[in-house]
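Worksheet for the structure shown next.
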Amino acid sequence: MADISVTLPDGSVRTLPPGSTVHGLAAAIGAGLAKAAIAGRIDGSLVDLDAKLVDGSRVEIITEKSPEALEIIRHSTSHLMAQAVKSLFPEAKVTIGPAIETGFYYDFDVDHPFTPEDLEKIEKKMEELAKAGLKIERQELSSADAVKLFREMGEDYKVELIEDLGVDHVSLYRQGDFADLCRGPHLPSTSWCKAFKVTSIAGAYWRGDEKRKMLQRVYGTAFPDKKQLDEYLARIEEAKRRDHRKLGRELDLFSFSDEVGAGFAIWHPKGAMLRTVIEDFERREHLKRGYDIVVGPQVLKTELWQRSGHYDNYRENMYFTEVDEQSFGIKPMNCLSHMMIYKSHLRSYRDLPLRFFELGTVHRHERAGVLHGLLRVRCFTQDDAHILCTPEQLDAEIKGVISFVQDVMGVFGFEFEMELSTRPEKSIGSDEDWERATGALLGALKDSGRPYEINEGDGAFYGPKIDIKLRDSLDRRWQCATIQCDFTLPERFDLTYIDADGEKKRPVMVHRVILGSIERFIGVLIEHFAGNFPVWLSPVQAVVLTVTDNQATYAQQVFDTLRGAGVRVQKDFRNEKLGFKIREAQLQKIPYMLVIGDKEVESGTVTPRFRDGSNLSPMDPAAFAEYLAREVASFH
RNA sequence: GCCGAUGUAGCACAGGGGUAGUGCAGCUGAUUCGUAAUCAGCAGGUCAGCGGUUCAAAUCCGCUCAUCGGCUCCA
């Protein structure tokens with residue numbers, strides 16, 4: 001047999017004896033590489049280290065440092081966990097166990113849910129098995145043989161998986177007495193699992209279907225080394241420290257109450273101030289961009305919800321009430337009033353586009369288990385707008401919204417991701433409508449110069465949409481802004497305008513929010529800043545602190561001056577030591593502390609201390625108010 | 001809605017069949033003090049709610065509600 005030649009990523013060609021493996025190639029290049037290699041890539045496909053080389057192919061050696069390594073390590077660690085579980089709980093049935101963004105999980109079917117003590121046992125067992133350095137070996141066999149094998153093992157879920165795959169051959173991986181159906185690739189041996197942790201346990205439906213059996217999902221995480229694992233765990237701790245639910249209580253922004261009802265936030269003075277600042281900002285920004293502010297009622301007749309289709313499609317999420325034998329629905333969305341405002345006149349093409357903006361408070365009866373602080377509530381306020389325009393105007397309108405989103409996110413300092421969702425199988429509207437709207441969204445995305453993803457078939461039944469997602473401190477993505485084209489509502493409400501040719505035409509409608517839910521946005525905002533809001537957002541911008549009672553009269557004058565100048569200022573004249581007052585202001589994360597002692601009384605000044613501990617030089621109160629105003633203006 | 005855990009003072013937590021505990025916060029008094037906690041005293045609870053077992057339940061059991069971690073859902 002002839003030697004085989006392969007091309008390396010740097011373009012060089014290596015020739016090896018027939019039957020050589022990826023590992024053989026690594027060894028031929030260098031002993032160090034052979035030791036660091038965990039997998040390979042042949043012509044673009046990831047393979048095991050002992051995979052045979054193919055003549056004429058391009059080959060790359062994957063080491064722990066390669067970006068692909070993390071997924072392989074985590075996937076192999078999930079197998080290690082499955083092996084540990086099978087050895088501790090032989091009656092457990094294995095299902096699937098993929099790598100995920102934060103680590104990995106494995107779902108098991110067990111009679112008794114795992115306890116926290118079980119998790120410790122599992123982790124200990126994994127350490128044992130890792131230390132044993134079991135060789136991980138790939139085996140290919142026919143699907144029929146694999147079905148037979150897993151059936152004998154009592155692994156019904158694996159049998160179902162193989163049968164659903166509908167292929168002739170499958171691969172399985174063996175380590176010690178454990179075997180799992182898997183495409184691979186995997187680490188060469190369990191000894192490569194060096195830094196992992198079993199983190200939590202949860203129920204999860206088989207194949208994500210709530211009608212099927214609930215399995216026990218064990219979550220874990222894994223990294224190439226202990227240092228990276230520790231860094232990850234430290235990041236989780238930091239995320240807990242900046243959890244908006246904890247900071248919301250500590251900073252006295254909002255609370256929830258059993259007596260009020262689940263999912264209904266009550267906004268304390270400081271939280272309500274924060275909202276107000278954001279809402280004022282939003283009104284200004286919308287007016288600048290040619291939106292009109294409108295206001296609709298909280299409760300609308302049920303007939304109207306029937307006409308819009310919400311009653312058929314969204315009823316189980318709505319609250320209803322009956323008065324004078326008339327049924328009303330509490331609004332879960334703001335579009336209906338906006339439709340009715342449009343319909344209140346005969347509209348000309350000269351009136352379009354119309355952009356109706358409302359800070360609209362909606363109620364949605366979310367299922368009990370999904371509530372999550374401010375990020376998922378049952379009553380929230382949207383910065384909602386509906387744009388009604390001619391088909392020709394659609395492109396420009398969408399572009400306008402995307403640039404609006406970019407401007408606003410820039411002001412708050414958020415990174416975000418954009419996704420386009422296209423026509424689903426079940427949908428209404430003509431092909432032409434869909435093409436035009438999808439084209440408009442896509443064109444605007446391309447124009448934005450930012451990366452975006454496409455979710456084929458993930459659009460709403462009534463039109464395509466762009467979703468914009470922010471990341472929270474735990475790397476969870478939360479949808480905030482969304483831009484949705486809608487073909488149904490103009491139809492159902494028979495919205496028209498008179499075009500230049502005198503004909504009645506149907507306007508195009510776009511639903512869009514920029515921040516989305518003010519509640520959710522504030523939740524993400526709190527975590528983003530860890531409660532250290534920039535001065536323009538801080539509910540309290542400055543606090544006046546006296547050193548002793550002797551300065552109270554002058555301090556009150558300072559307080560009055562600042563409040564008169566529009567500064568959001570508090571005072572703390574209590575008979576406490578300065579250090580104590582500074583500590584409290586610091587814990588409240590107030591940006592400026594204005595210390596008033598005898599020196600300041602004498603010179604008629606204040607000495608501002610920033611929350612990072614630095615001091616500005618003394619200045620008179622009016623000058624400080626101006627300084628603050630300039631700082632606020634610099635943000636937007 | 002589903003799986004699991006949790007629910008004790010405003011907050012953070014301890015206790016685990018027989019007067020309900022600590023720290024911080026609160027109140028009162030003393031201290032008049034210069035950049036992250038001055039000292040002392042006092043007060044504060046239907047132990048989430050309802051029902052059951054028991055001579056006796058915060059504690060054991062059941063149901064409900066809420067919260068937490070996931071799943072599912074998210075026009």
Side-chain angles (χ1 to χ4, degrees), chain A residues 100 105 107 110 112-116 118-119 199-219 240 243 245-246 249-250 252 255-263 305 308-310 312-318 332-335 362 364-373 375-376 378 382 384 421 459-463 465 467 474 476 478-479 482 484 486 488-489 511 513 516-517 520 545-552 574-588 593-600 607-611 613-615:
Chain A
I100 54 173
Y105 66 78
D107 287 347
V110 281
H112 299 287
F114 296 119
T115 64
D118 291 337
L119 294 194
T199 51
S200 61
I201 172 93
Y205 301 108
W206 169 231
R207 302 200 139 179
D209 183 343
E210 65 179 320
K211 288 183 195 71
R212 304 188 73 168
K213 187 160 185 182
M214 180 151 281
L215 308 170
Q216 294 301 312
R217 173 170 299 178
V218 184
Y219 283 94
K240 277 185 194 155
D243 189 311
R245 292 165 297 188
K246 184 167 153 25
R249 186 168 45 239
E250 287 170 3
D252 199 17
S255 62
F256 290 90
S257 152
D258 289 12
E259 289 160 290
V260 173
W305 296 113
S308 68
H310 287 89
D312 288 336
N313 294 300
Y314 203 64
R315 188 182 21 194
E316 59 284 0
N317 281 300
M318 286 179 66
M333 293 172 207
N334 303 298
C335 25
V362 297
R364 296 183 184 177
H365 187 264
E366 302 288 351
R367 290 163 99 181
V370 306
L371 302 175
H372 182 94
L375 299 181
R376 192 84 182 260
R378 284 178 171 158
Q382 294 178 299
D384 202 3
S421 297
F461 72 89
Y462 54 72
K465 60 177 181 172
D467 288 331
L474 272 172
R476 286 176 297 207
W478 291 97
Q479 184 177 316
T482 174
Q484 311 188 341
D486 188 338
T488 57
L489 281 181
H511 307 251
V513 289
S517 142
R520 173 176 293 181
L545 308 178
T546 48
V547 176
T548 73
D549 287 351
N550 300 329
Q551 298 90 29
R574 289 174 305 171
N575 176 16
E576 295 287 353
K577 292 171 97 163
L578 182 63
F580 179 82
K581 296 186 196 182
I582 287 191
R583 177 183 153 81
E584 287 209 341
Q586 194 79 44
L587 291 174
Q588 283 298 303
M593 296 160 229
L594 306 176
V595 177
I596 310 284
D598 287 338
K599 273 188 291 185
E600 286 75 15
T607 305
R609 175 197 199 272
F610 194 65
R611 68 185 153 204
S614 63
N615 276 313

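Labels below follow one simple rule: chain letters A, B, ... track the order of the sequence lines, proteins then strands, and each chain is numbered from 1.
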Exercise. Toss me the dot-bracket line for RNA chain B: Watson-Crick and G-U wobble, both under 3.5 Å, 5' to 3', using | for pairs to another strand and [ ] for crossers.
Key: ((((((((.[[[[.)..(..]]]].(((((.......))))).....[[[[[..)....]]]]])))))))....

Quiz item: For the base of B:G1, is there a side-chain donor-acceptor partner from A:Glu316 under 3.5 Å away?
Solution: no

Quiz item: Counting just side-chain N and O atoms, does A:Tyr219 come under 4.0 Å of either OP1 or OP2 of B:C71?
Solution: yes

Exercise. Using the closest heavy atom to pick a nucleotide of RNA chain B for each, name whichever of A:Asp209 or A:Asn615 lands nearer the 5' end.
Key: A:Asn615

Quiz prompt | Closest to the A:Glu576 side chain, choosing from B:C3, B:G1, B:U38 | solution = B:U38

Self-check item: Minimum-distance nucleotide (side-chain atoms of A:Pro113 versus B:A36, B:G70, B:G4)
Solution: B:G4

Quiz item: What's the spacing between A:Asn317 CG and A:Arg378 CZ if we round to 0.5 Å?
Solution: 9.5 Å

Quiz item: Looking only at side-chain N and O atoms, does A:His372 come under 4.0 Å of OP1 or OP2 in B:U67?
Solution: no

Exercise. Would you kindly check whether a donor in the side chain of A:Tyr205 faces an acceptor in the base of B:G70, or vice versa, at under 3.5 angstrom?
Key: no

Exercise. Measure distances between side-chain N and O atoms of A:Arg212 and base N and O atoms of B:C71, and say whether any donor-acceptor pair falls under 3.5 Å.
Key: no

Quiz item: Of the nucleotides B:A36, B:C71, B:U32, which one has an atom closest to the side chain of A:Arg583?
Solution: B:A36

Quiz item: For the side chain of A:Asn550 and the base of B:U32, is some donor closer than 3.5 Å to an acceptor across the two?
Solution: no

Exercise. Output yes when at least one side-chain N/O atom of A:Arg217 is less than 4.0 Å from OP1 or OP2 of B:G4, else no.
Key: no

Quiz prompt | Conformer about C1'-N of B:U59 - syn within 90° of 0, anti elsewhere | solution = anti

Quiz item: B:G34, B:A36, B:C33: which one has an atom nearest the side-chain heavy atoms of A:Lys577?
Solution: B:C33

Practice problem: Please determine if A:Asp243 and A:Arg245 form a salt bridge, counting it only when a charged side-chain N lies under 4.0 Å from a carboxylate O. | Solution: yes

